[in-house]
Amino acid sequence: MAPAAAQAPKPDAELARAWAAGYRAAFTCSSLWNGAGKSLAAIERDELTGIYPEIEADVRALEAEVDEGAKRVSVTWRDDMPPRIAEWSGREGCVTLPIGAQPRPASQPLERRPDLDAQPWPMGDKGARWPASKGQTKFEQATRDMARFGGRTSSLLIVKNGRIALERYWGGHDIHSAQRTFSVAKSMAVTLIGHAVEQRRIDVTQPALIAEWQTPGDPRAAITTEQLMRMASGLTSDTAGNRSDAIYMGGASVRQWTTQWPLLNPPNSRYRYANNDTLLATLSLKAALEKAGTPLDPAAFFDRLGMTRTFAEHDGDGDYILSSQVWTSARDLARLGLLYQNDGVWQGERLLPADWRRFVTTPSGPQPDRDFGYGAGFWLLAKSDGIPADAFGGFGNRGQYLIVIPSRALVIVRQGYDDGKVRLDIAKLVAAVVAADDNDRRYSKGG
């Protein structure tokens, strides 16, 4: 099964309302301007239902004020406090301001992402799909009834031998619709780290470059970037699991929130899934790049893959929230999958180390007590019946999945709006696609 939702401490009524206002502002902002113009009605239907039960009633009751000219969303939550605000920054999506913060004056025109649609696939969208003349595939037959896999699907995309063999959308979504990745962003974070390793700008086996841990005698100074990537830091936090409400909904500083937590166990002795570990690994990456005189710029890297519908968002201090806050389209996720399918080579250029795919898909140290194993930023499907042993993927809340099966030249993308009651069975879906691939040899290399 997929990672279970973490149990967050129940906030008091006022804090819950402040978080709810931040959630509504953030999701409205990102859905409007990252997501290719999603309507307010569709945002209400998809983004603001089936969410955390402790805030959903307030999220639904509060009203969002949209300033199209300023690309800003404001949500009033208390009469004696400023509204919660999320502002669109252009190429890096929306920034959720801290509780009580005022909007920032616009200082310069928004920088837009390039439009590469007219270029050939995979950089663009021209010639992305196998010719329609090849007829109905076994993939279509195997996934015609998506209800049998559970959840509420918004997109399903299957790439075979580098081209799209199946692509379906629901609920008004299309090839340009960007959705929040949730924790698939963690797989993106380790990809950025891998690119820096290839450039020899970071050594993940060395202690993480976290300035706040460098006081003499601080035991956290020994934690490596790799241990952070593998959820094996030994750190604690207010909750186990994948909740970082103060950052995601409260607009808190990534650095202030993540660097404060103490060591609870020896590094590499316990597996504990935590957003903080990925956020700290990203801070280590940022410090390593700055030491080399290069800023951390996720958008520039994604643009090199043709992922121009992908928006990596950051906090008010400019630190990227690469544990969850990335918005992307199904085709862009497929492009990321193809980078791994091609073992880190893109358009003839090596962007990831030659052994990076092996590194992130090899379990090392403590493992989760679940149906799936964990590598470094990727989940491992080797225990699942009917699925090749080399299958791995990025998993995100509400049913976001990127699955790569190198031995089959398969990439599977599924996006959705699942909730706590209705969830996709990803192993069942992948097994069905693999079985269809066994029976369908039309898509051989070269067409």
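Heavy-atom basis, side chains included; hydrogens, waters and symmetry copies ignored.
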How many angstroms lie between atom [atom1] of [X] and atom [atom2] of [Y], to the nearest 0.5 angstrom?
| X | Y | atom1 | atom2 | result |
| --- | --- | --- | --- | --- |
| I193 | L289 | CD1 | CG | 9.5 Å |
| L339 | L352 | CG | CG | 4.5 Å |
| R335 | Q341 | CZ | CD | 16.0 Å |

Only one of [options] clears side-chain contact (heavy atoms from CB on, under 4.5 Å) with [X]; which?
| X | options | value |
| --- | --- | --- |
| L333 | Q415, Q179, R414, Q400 | Q415 |
| M249 | R24, R84, R243 | R243 |
| L279 | L228, L322, D319, I321 | I321 |

Give a yes or no answer on whether the side chain of [X] reaches the backbone of [Y] with a donor-acceptor pair at less than 3.5 Å.
| X | Y | answer |
| --- | --- | --- |
| R230 | G375 | yes |
| S30 | F27 | no |
| W213 | T259 | yes |
| S39 | A42 | yes |
| R272 | A232 | no |
| S187 | G377 | yes |
| R309 | T328 | no |
| W327 | W33 | no |
| S384 | I387 | no |
| Q256 | A252 | no |

Partners passing side chain to side chain donor-acceptor pair (under 3.5 Å) against [X] (at least two apart in sequence or in another chain):
| X | answer |
| --- | --- |
| T225 | S284 |
| E92 | H314, Y320 |
| D315 | none |

I'd like to check [X] versus [Y] (side-chain heavy atoms, cut-off strictly below 4.5 Å). Are they in contact?
| X | Y | answer |
| --- | --- | --- |
| L263 | I223 | yes |
| Q119 | L116 | yes |
| S183 | T181 | no |
| T361 | L380 | yes |
| T258 | L283 | yes |
| F301 | M307 | no |
| E167 | L156 | no |
| L336 | M188 | yes |

Could you tell me whether [X] and [Y] make a salt bridge, using a distance below 4.0 angstrom between a side-chain N and a carboxylate O?
| X | Y | value |
| --- | --- | --- |
| R152 | D418 | no |
| K71 | E87 | no |
| D371 | K383 | no |
| R148 | D145 | no |
| R60 | E56 | no |
| R220 | D218 | yes |

### Task
Would you please test S233 and D277 for side-chain hydrogen bond (donor to acceptor under 3.5 Å, both in side chains) and show each step?
CA-CA 7 Å; S233 66; D277 279 14; 2.9 Å; yes
### Task
Run through F372, W379, F395 and flag the one making a ring pair (Phe, Tyr, Trp, His ring centres under 6.0 Å) with Y273.
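With Y273 as partner, F372, W379, F395 yield a single ring pair (Phe, Tyr, Trp, His ring centres under 6.0 Å), made by W379.
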Taking [atom1] in [X] as the centre, count heavy atoms belonging to other residues, nucleotides or ligands within less than 6.0 Å. Is the count above 12?
| X | atom1 | answer |
| --- | --- | --- |
| D80 | CG | yes |
| E65 | CD | no |
| E68 | CD | yes |

### Pair D125-R331, salt bridge (Lys or Arg N to Asp or Glu O under 4.0 Å): steps then yes or no
CA-CA 9 Å; D125 290 314; R331 286 194 174 192; 3.0 Å; yes
### Message
Checking side-chain polar atoms at under 3.5 Å, does T310 have a donor or acceptor matched by the opposite partner on D332?
### Response
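Yes, D332 and T310 have a side-chain donor paired with an acceptor closer than 3.5 Å.
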### Message
Pair V411, I405 - check side chain to side chain contact (heavy atoms under 4.5 Å, CB included), show working.
### Response
CA-CA 6 Å; V411 174; I405 312 179; over 6 Å; no
Under 6.0 Å from the six-membered ring centre of [Y] and within 45° of its axis: does the NZ or CZ of [X] meet both?
| X | Y | result |
| --- | --- | --- |
| R423 | Y401 | no |
| R113 | F311 | yes |
| R180 | F182 | yes |

### Message
For A16 versus E54, what's the shortest heavy-atom pair and its separation?
### Response
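For A16 versus E54, the nearest heavy atoms are CB-O, 4.1 Å.
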### Query
What's the shortest heavy-atom distance between A25 and I85, and which atoms?
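For A25 versus I85, the nearest heavy atoms are CB-C, 4.3 Å.
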### Task
Before giving the answer on side-chain hydrogen bond (donor to acceptor under 3.5 Å, both in side chains), spell out for N34 and W88 the whole-Å C-alpha distance, their side-chain angles and the decisive distance to 0.1 Å.
CA-CA 8 Å; N34 295 348; W88 196 58; 2.7 Å; yes
### Message
Could you check whether Y23 and Y248 have their ring centres less than 6.0 Å apart?
### Response
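No, the ring of Y248 stays outside the 6.0 Å limit from the ring of Y23, centre to centre.
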### Y417-H173 aromatic ring centre distance below 6.0 Å
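Yes: the rings meet the under 6.0 Å criterion.
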### Task
With sequence neighbours left out, write down each residue that passes salt bridge (Lys or Arg N to Asp or Glu O under 4.0 Å) with E290, or none if nothing qualifies.
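Once residues adjacent in sequence are excluded, E290 has no partner under the salt bridge (Lys or Arg N to Asp or Glu O under 4.0 Å) criterion.
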### Query
Can you name the residues that form a salt bridge (Lys or Arg N to Asp or Glu O under 4.0 Å) with D425, not counting sequence neighbours?
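Partners of D425 under the salt bridge (Lys or Arg N to Asp or Glu O under 4.0 Å) test: none.
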### Task
Begin from the C-alpha positions of I426 and F149 and carry the test side chain to side chain contact (heavy atoms under 4.5 Å, CB included) through to its verdict.
CA-CA 7 Å; I426 185 59; F149 302 111; over 6 Å; no
### Task
Let me see the working for S244 and N276 under side chain to side chain contact (heavy atoms under 4.5 Å, CB included), right down to the final yes or no.
CA-CA 8 Å; S244 296; N276 285 352; 4.2 Å; yes
### Query
ring-ring contact (aromatic ring centres under 6.0 Å, His included) with W261: which residues, sequence neighbours excluded?
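Testing W261 for ring-ring contact (aromatic ring centres under 6.0 Å, His included), a comparison that skips the adjacent residues, returns W257.
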### Task
Kindly indicate, with the supporting measurements, whether the criterion side chain to side chain contact (heavy atoms under 4.5 Å, CB included) is fulfilled by F139 and V433.
CA-CA 6 Å; F139 294 134; V433 172; 3.8 Å; yes
